[in-house]
Amino acid sequence: MIVGLMLTFVTFFHIRNVIGIAAENGARAASITGDPNSAEQAVQSTLQAANLPLTYHGQTLWNTSMVQVTADVASPEVQVTVQYDAPYLFTDLFAALGMPNSFPAVLPMSATATDVNESYFGSEGV
């Protein structure tokens with residue numbers, strides 16, 4: 001049980017770091033292009049490169065609607081928020097510990113990153 005709890009904690013810690021990096025990559029892409037689609041693509045590429053699952057027991061853990069991008073030429077900064085529903089590795093572990101097995105199968109996580117909007121300042125870098 002202790003090993004199961006440790007693996008669960010380490011997995012959640014890893015997933016949290018990956019979605020943080022995905023948000024940073026998305027913010028960087030949006031800051032350069034000013035395009036929310038490029039930010040979503042950067043987030044998707046990062047999550048896929050980390051081999052995070054997209055579904056768990058038929059439930060979608062992540063899709064592009066779970067990426068919020070605030071980027072336009074009128075704002076000096078861009079912001080990207082990534083939401084990911086991290087699946088529990090051992091859902092029956094809690095029942096083995098005597099806790100009710102009423103926990104959801106996933107733990108919602110999110111990460112937000114902000115970057116300077118380069119399109120706001122123009123190509124001269126003013």
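On a predicted model such as this, the values are computed, not experimentally measured, just so you know.
- Tyr84 approaches Pro53 most closely through the heavy-atom pair OH-O, 2.7 Å.
- At a threshold of 4.5 Å between non-hydrogen side-chain atoms, the residues Asp115 and Glu24 do not count as touching.
- Nearest approach of Ala27 to Val78, heavy atoms of both residues: O-CG2, 3.3 Å.
- For the side chain to side chain contact (heavy atoms under 4.5 Å, CB included) criterion with Val43, the lone passing option out of Ile19, Thr81, Asn25, Val80 is Val80.
- Under the rule for a side-chain hydrogen bond (donor to acceptor under 3.5 Å, both in side chains), Asn37 has no partner lying at least two apart in sequence or in another chain.
- Leu61 places none of its side-chain heavy atoms less than 4.5 Å from the side chain of Leu52.
- Side-chain contact between Glu77 and Val116 is absent, with no heavy-atom pair separated by less than 4.5 Å.
- Considering all non-hydrogen atoms of both residues, Gly26 and Ala39 come closest at O-CB, 3.3 Å.
- Here the closest heavy-atom approach between residue Ile15 and residue Ala86 is recorded as CD1-CB, 3.8 Å.
- Hydrophobic clustering of Ile, Leu, Val, Met, Phe, Trp and Tyr side chains at less than 4.5 Å, counting indirect connections, keeps Ile21 apart from Val67.
- Gln68 places a side-chain heavy atom less than 4.5 Å from the side chain of Gln83.
- Within the 4.5 Å cutoff, the side chain of Leu54 has no heavy atoms near those of the Thr60 side chain.
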Can you check side-chain hydrogen bond (donor to acceptor under 3.5 Å, both in side chains) on Asn117 and Ser31, steps first, answer last? CA-CA 4 Å; Asn117 189 354; Ser31 73; over 6 Å; no

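- With a 4.5 Å cut-off on side-chain heavy atoms, Gln59 and Val106 count as touching.
- Here CZ of Phe13 is found 10.5 Å from CE of Met109. Values are rounded to the nearest 0.5 Å.
- Across all non-hydrogen atoms, the minimal contact from Ile32 to Glu118 is CG1-OE1, 4.1 Å.
- In terms of modelled atom types and a separation under 3.5 Å, the side chain of Ser45 and the main chain of Ala42 share no donor-acceptor contact.
- Between Thr11 and Leu7, the shortest heavy-atom distance links the atoms OG1-O, 2.7 Å.
- Side-chain contact check for Thr55 versus Trp62: every heavy-atom pair is 4.5 Å or farther apart.
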